[in-house]
Amino acid sequence: MPFSFFHLLCYITIIFAEVDAVNEGASKSKSKLRLFVFGDSYVDTGNWRKSIGSSWKEPYGITFPGKPSGRFSDGRVLTDYIASYLGIRTPIAYKWRKEVKRSNLEYGMNFAYGGTGVLDTLANQPNMTTQIDFFQRLVEQKVYGKQDLDNSVALVSVAGNDYATYLARNTHDLQKLGDFTKKIMDQLEINIDRIRGLGVKRIAVTLIEPMGCIPLQAVSSSYSNCSQALNLGSKFHNQMLNQSLQNLNAKDNSTVFITLDLYDAFFSALNKFTTHAPAGSLGLKPCCEGKDMGKYYCGSVDESGAKLYTICENPNLSFFWDTLHPSQNGWHSIFSSLRSSLHKLTI
């Protein structure tokens, strides 16, 4: 029987049906994932109270969603990009869990608070141990059951607030900084092992970024140099963290714990932004900064509401949004550098 247009039409219909079935299967598979987030401002999507959080003030959020959303950026942060990679919506911030429909909890939950650390910091907000306590309470209350946890991943961010607090309190006692790093690692091991014990199947922990390249540090060189001493501190932290995660995986011959290398990702991304930066600035100048550095900050206003900060013409051309945090485009570039590691989350 000759091959007719009717046969061709049937054949195409079958092919598209199979493709749709595969895509739907992949979508369903990914939609089952829950993302649980712990840490600081690099992953916080709105846990600070609106009345006190700078992340809820203009001009934060001007790129996305067009108004302040509790993110410490002009738009999306690392959590948003990783959630998108996993094929799910950004998980709801813990603070808003009772203000949304139960169906909005199906993507997981974000327990991160900007300014916090593994230990207590200068920010009067829940540290990582307390964040995990919040998570454990929800597990015990059956908000998330075994099936949810069997299809879950965690993102754990450690961006340096512990060190900022240590340096603020121990300006003249840098000799013990190595001991302090060990203290952080001991507690971090306990914390992430707790997350695993609660049933999460994959846990991604960020290596610390090059702390010496943060604009708050680079401003002293007019944004032309990073602090090499602080970057050495980042490398030491990351070496210890890699060893800690290897030890945890070796305990039961698993691959539960993976690293996301923010140190190399920051440098890779910064190289892309340097071409748009003023000569000699290395792309370290933030888009938004206070008019009097150290006195005013991005979002500061006077009693009459007049702005006490300046903002660049195009945030898309800046790697850093403010003196501590990447812009949305900065995070997108960082995420692009991390993609090769992220596939381990879904294995």
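On a predicted model such as this, the values are computed, not experimentally measured, just so you know. All values below were derived from every heavy atom in this structure, side-chain atoms included, with hydrogens, water molecules and symmetry-related copies excluded.
A donor and an acceptor atom, one from each side chain of Thr121 and Asp162, are nowhere located under 3.5 Å apart. Residues Gln147 and Asn151 have side chains that never bring a donor and an acceptor to within less than 3.5 angstrom of each other. In summary, the side chains of Ser254 and Asp252 do present a donor paired with an acceptor at a separation below 3.5 Å, with no hydrogens or angles considered. Side chains of Ser244 and Glu189: a donor-acceptor N/O pair is present below 3.5 angstrom, by distance only. Side chains of Ser41 and Asp44: a donor-acceptor N/O pair is absent below 3.5 angstrom, by distance only. Side chains of Arg71 and Ser73: no donor on one and acceptor on the other come within 3.5 Å.
In this structure, Cys288 and Cys312 have their SG atoms no less than 2.5 Å from one another.
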### Check against side chain to side chain donor-acceptor pair (under 3.5 Å), Asn127 and Thr130
CA-CA 5 Å; Asn127 66 18; Thr130 305; 3.2 Å; yes
### Task
Apply the test side-chain contact (heavy atoms from CB on, under 4.5 Å) to residues Phe335 and Asp80: give CA-CA distance (whole Å), side-chain angles for both, the deciding distance (0.1 Å), then the verdict.
CA-CA 10 Å; Phe335 166 75; Asp80 299 297; over 6 Å; no
### Query
Are Ile214 and Phe320 close enough, and set up right, to give a side-chain contact (heavy atoms from CB on, under 4.5 Å), and what steps lead you there?
CA-CA 8 Å; Ile214 300 302; Phe320 284 105; 4.0 Å; yes
### Query
Please walk me through it: do Phe36 and Val156 pass side-chain contact (heavy atoms from CB on, under 4.5 Å)?
CA-CA 9 Å; Phe36 298 105; Val156 178; over 6 Å; no
#### Entry: Verdict with supporting geometry, Gln328 and Asn316, side-chain contact (heavy atoms from CB on, under 4.5 Å)
CA-CA 8 Å; Gln328 172 173 289; Asn316 292 336; 5.6 Å; no
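When side chains are defined from C-beta on, Leu230 does not count as touching Tyr163, because their heavy atoms never get closer than 4.5 Å. Between Leu149 and Leu198, every side-chain heavy-atom pair lies at or beyond the 4.5 Å cut-off. Contact annotation: the side chain of Met109 never approaches that of Phe135 to less than 4.5 Å [non-hydrogen atoms, C-beta and beyond]. With a 4.5 Å cut-off on side-chain heavy atoms, Arg76 and Ser84 do not count as touching. At a threshold of 4.5 Å between non-hydrogen side-chain atoms, the residues Ser333 and Phe273 count as touching.
Between Tyr85 and Tyr81, the ring center distance fails the sub-6.0 Å criterion.
The same ILVMFWY cluster, assembled from side-chain heavy atoms under 4.5 Å apart, contains both Ile184 and Phe38. Hydrophobic clustering (ILVMFWY, side-chain heavy atoms < 4.5 Å, transitive): Leu119 and Ile132 are in one cluster. Both Ile258 and Leu78 are part of a single hydrophobic cluster, where members link through side-chain heavy atoms under 4.5 Å apart. In the hydrophobic cluster analysis, where Ile, Leu, Val, Met, Phe, Trp and Tyr join through side-chain heavy atoms closer than 4.5 angstrom, Ile190 is grouped apart from Val205. Tracing side-chain contacts under 4.5 Å through hydrophobic residues (I, L, V, M, F, W, Y), one never reaches Ile311 starting from Tyr223; they form parts of separate clusters.
Checking each of Asp40, Leu188, Ile195 against Met128 for a side chain to side chain contact (heavy atoms under 4.5 Å, CB included) leaves exactly one that passes, namely Leu188.
Salt-bridge annotation for Asp186 and Lys182: present, with a side-chain N of the basic residue lying under 4.0 Å from a carboxylate O of the acidic one. Electrostatic pairing of Arg194 and Asp133 counts as a salt bridge here, judged by a charged N lying under 4.0 Å from a carboxylate O.
Here the shortest heavy-atom pairing between Cys298 and Tyr309 reads CA-CB, 4.1 Å. For Trp96 against Gly46, the heavy-atom pair with the smallest separation is NE1-O, 2.9 Å. Closest of all the heavy-atom pairs between Tyr263 and Asn231 is OH-CB, 3.7 Å. Nearest heavy-atom pair, Phe319 versus Gly283, reported as atom, atom and distance to 0.1 Å: CB-O, 4.0 Å. Heavy-atom minimum distance, Glu58 versus Pro68: N-CG, 3.6 Å. Looking at every heavy atom in both residues, Leu338 comes nearest to Ala265 through CD2-CB, 3.9 Å.
Within a 6.0 Å sphere centred on NZ of Lys183, other residues, nucleotides and ligands contribute 12 heavy atoms or fewer. Counting heavy atoms of neighbouring residues, nucleotides and ligands inside a 6.0 Å radius, atom CZ of Arg49 does not exceed 12 of them. In the displayed structure, Arg89 atom CZ is contacted under 6.0 Å by at most 12 heavy atoms of other residues, nucleotides or ligands. Annotation: Asn124, atom CG; neighbour count of heavy atoms from other residues, nucleotides and ligands within 6.0 Å does not exceed 12. Residue Lys95 places its NZ atom among more than 12 non-hydrogen atoms of other residues, nucleotides or ligands, all under 6.0 Å distant.
Among residues at least two apart or in separate chains, there is no disulfide (SG to SG under 2.5 Å) pair with a member in residues 74-131.
Between His325 and Tyr42, the ring planes lie perpendicular to each other; the angle is over 60°, past the 30° to 60° tilted range. Note: Phe134 and Tyr94 have parallel aromatic rings, judged against thresholds of 30 and 60 degrees for the angle between ring planes.
Taken to the nearest 0.5 Å, the CZ atom of Arg97 stands 14.0 Å off from the CG atom of Asn104.
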